[in-house]
Amino acid sequence: MAEPLRAFRVRGRCAPRKFGVAAGSLRGLLRKSCRLLQLPLPGSRLCLYEDGTELTEGYFRALPPQSELVLLGPGETWHGCECTGAGRWGSAWERPLSPRRFALTAGASDIERFLAAFCTQREAVVEAARKLLSDERAPRRQRLLADLIHNLSENILAEDKEEDEKWFEGLESRFKNKSSYMRYSCESRIRSYMKEVSSFISNVHPTARDEYKRIINMMADKLKSVKYNGCYFDRREEEEAARLCTTEGWFSCQGPFDRDDCPCKHSINPYSNRESRIIFSTWNLDHIIEKKRAVVPELAEAVKTQDGREVNWEYFYQLLFTVDNLKLVHIACHKKTNHNLSCDKTKIYRRRKHNHRI
């Protein structure tokens, strides 16, 4: 379900006039505000009028309606409306938390408060890091500074091609926004699984190939009806349970097949920049019960030995193409050893449906 709309008061950095803007997400609020105040979306951001705290999706959800915000264009800064004794605007680093900021962050972790304060000075940090990098010769420190600049220069909220042309470099011209490409990349993975299942028909017993092909066709029809589950990578997907990322596009590694979580806490946002998009292609949609070693051979055997029973093809469909049996994992968490897991024997067949005459 879409997030309910909430109204906020938005003003420009040098404009006293405030506008009422309603949105259900930070990205939507930023888009509407930029359009209203005629600022470019790339590089623009929203912050609290009172103390200059830059909004993240988490802060946005915690904001009460009618909060007063400032829209900043590229290169603009805002440290809040509170003045220091010297008569200049106080820095977020120089002042204690204001009452409103404290209320917003009271439920947040210490690291979240630190990162929020850090991001308010993002441009200054990037500039300082670039100066340091120009003189740095130690490879390890070079890498740390380069990663810092890279991550702070991300253009996460941009969606359309004209907003972030660098992100689309190397892609076909038919892709006009980031989400459409990410959806396509997920569809491509699922399609490749379907091809592997189809190509296995040469290993199926000759007497069972027609039935195997019939089941493949039913799976293919179902995949088409759900658009090959491309929603898993689409941050615009309204149903939260249907996607593997946040509304901003952050993905978290779900850990190796034999663990419930990722021990290294890997995460990535392929929507942020071209490099992250390319790196994300190395992440795997890993089958917990292995596709080649377990699921497909079990399906072929079930078709061969069904002996009048009906193969529960939907169970195999779930194992092959859905997150019931797929985990998104960083390449370092993708264990290529034998999982030694098998299909549930009680779900391979199901009772046939009989038509009863009245």
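Start at 1 with the first residue, then count along the sequence. Keep in mind the model is a prediction, meaning the values are calculated, not measured.
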Item to check | Leu299 vs Val303, side-chain contact (heavy atoms from CB on, under 4.5 Å): CA-CA, chis, key distance, verdict | outcome: CA-CA 6 Å; Leu299 173 60; Val303 172; 4.3 Å; yes
Checklist entry - Is there a side-chain contact (heavy atoms from CB on, under 4.5 Å) between Ser33 and Leu46 once you walk through the steps? => result CA-CA 9 Å; Ser33 300; Leu46 286 161; 4.3 Å; yes
[X] and [Y] ion-paired at < 4.0 Å:
X      : Y      : result
Glu290 : Lys292 : no
Arg27  : Glu248 : no
Lys176 : Asp160 : no
Arg309 : Asp307 : no
Glu169 : Lys166 : no
Glu310 : Arg350 : yes
Arg31  : Glu163 : yes

Determine whether [X] and [Y] make a side-chain contact, defined as any pair of heavy atoms from C-beta on separated by less than 4.5 Å.
X      : Y      : answer
Leu69  : Arg11  : no
Val329 : Phe257 : no
Arg61  : Glu57  : yes
Leu244 : Leu285 : yes
Lys32  : Leu36  : no
Leu157 : Tyr271 : no
Leu171 : Lys178 : no
Ile288 : Lys327 : yes

Residue [X] excluded, over 12 heavy atoms near [atom1] under 6.0 Å:
X      : atom1 : result
Lys304 : NZ    : no
Arg141 : CZ    : no
Asn338 : CG    : yes
Lys227 : NZ    : no
Asp210 : CG    : no
Arg174 : CZ    : yes
Lys222 : NZ    : yes

I'd like to know if [Y] and [X] are part of one continuous hydrophobic network [Ile/Leu/Val/Met/Phe/Trp/Tyr, side-chain heavy atoms within less than 4.5 Å].
X      : Y      : answer
Ile278 : Trp283 : no
Phe175 : Tyr228 : yes
Ile156 : Leu72  : no
Tyr232 : Ile279 : yes
Leu5   : Phe19  : no

State whether a side-chain donor-acceptor pair under 3.5 Å links [X] with [Y].
X      : Y      : result
Thr305 : Tyr349 : yes
His334 : Asp286 : yes
Asn177 : Ser179 : no

Checklist entry - In terms of ring plane angle, is the pair Tyr181 and Tyr184 parallel, tilted or perpendicular, where the classes change at 30° and 60°? => result tilted
Item to check | Aromatic ring pairing Phe233/Phe251, orientation class (parallel under 30°, perpendicular over 60°, tilted between) | outcome: perpendicular
Under the 3.5 angstrom rule, does the side chain of [X] hit a backbone N or O of [Y] as a donor-acceptor pair?
X      : Y      : value
Arg277 : Pro270 : no
Gln254 : Leu328 : yes
Gln142 : Glu136 : yes
Asn312 : Lys347 : yes
Ser67  : Leu63  : no

Next on the checklist: Could you walk me through whether Arg45 and Glu76 satisfy the salt bridge (Lys or Arg N to Asp or Glu O under 4.0 Å) test, starting with their C-alpha distance in whole Å, then the side-chain angles of each, then the deciding distance to 0.1 Å, before giving a yes or no?
Outcome noted: CA-CA 9 Å; Arg45 58 207 187 281; Glu76 292 183 338; over 6 Å; no
Next on the checklist: Tell me if the centroids of the rings in Phe60 and Phe8 come within less than 6.0 Å of each other.
Outcome noted: yes
Checklist entry - Looking at the rings of Tyr49 and Trp78, which for Trp means the six-membered one, are their centres under 6.0 Å apart? => result yes
Item to check | From CA spacing to verdict: side-chain contact (heavy atoms from CB on, under 4.5 Å), Arg235, Glu159 | outcome: CA-CA 10 Å; Arg235 69 178 179 182; Glu159 175 66 24; 2.8 Å; yes
Item to check | Test ring-ring contact (aromatic ring centres under 6.0 Å, His included) applied to His205 and Tyr212, step by step | outcome: CA-CA 10 Å; His205 193 275; Tyr212 185 86; over 10 Å; no
Checklist entry - Is there a side-chain contact (heavy atoms from CB on, under 4.5 Å) between Leu326 and Phe321 once you walk through the steps? => result CA-CA 7 Å; Leu326 290 171; Phe321 309 116; 5.7 Å; no
Next on the checklist: Pair Lys345, Glu298 - check salt bridge (Lys or Arg N to Asp or Glu O under 4.0 Å), show working.
Outcome noted: CA-CA 10 Å; Lys345 299 294 185 181; Glu298 188 69 67; 2.9 Å; yes
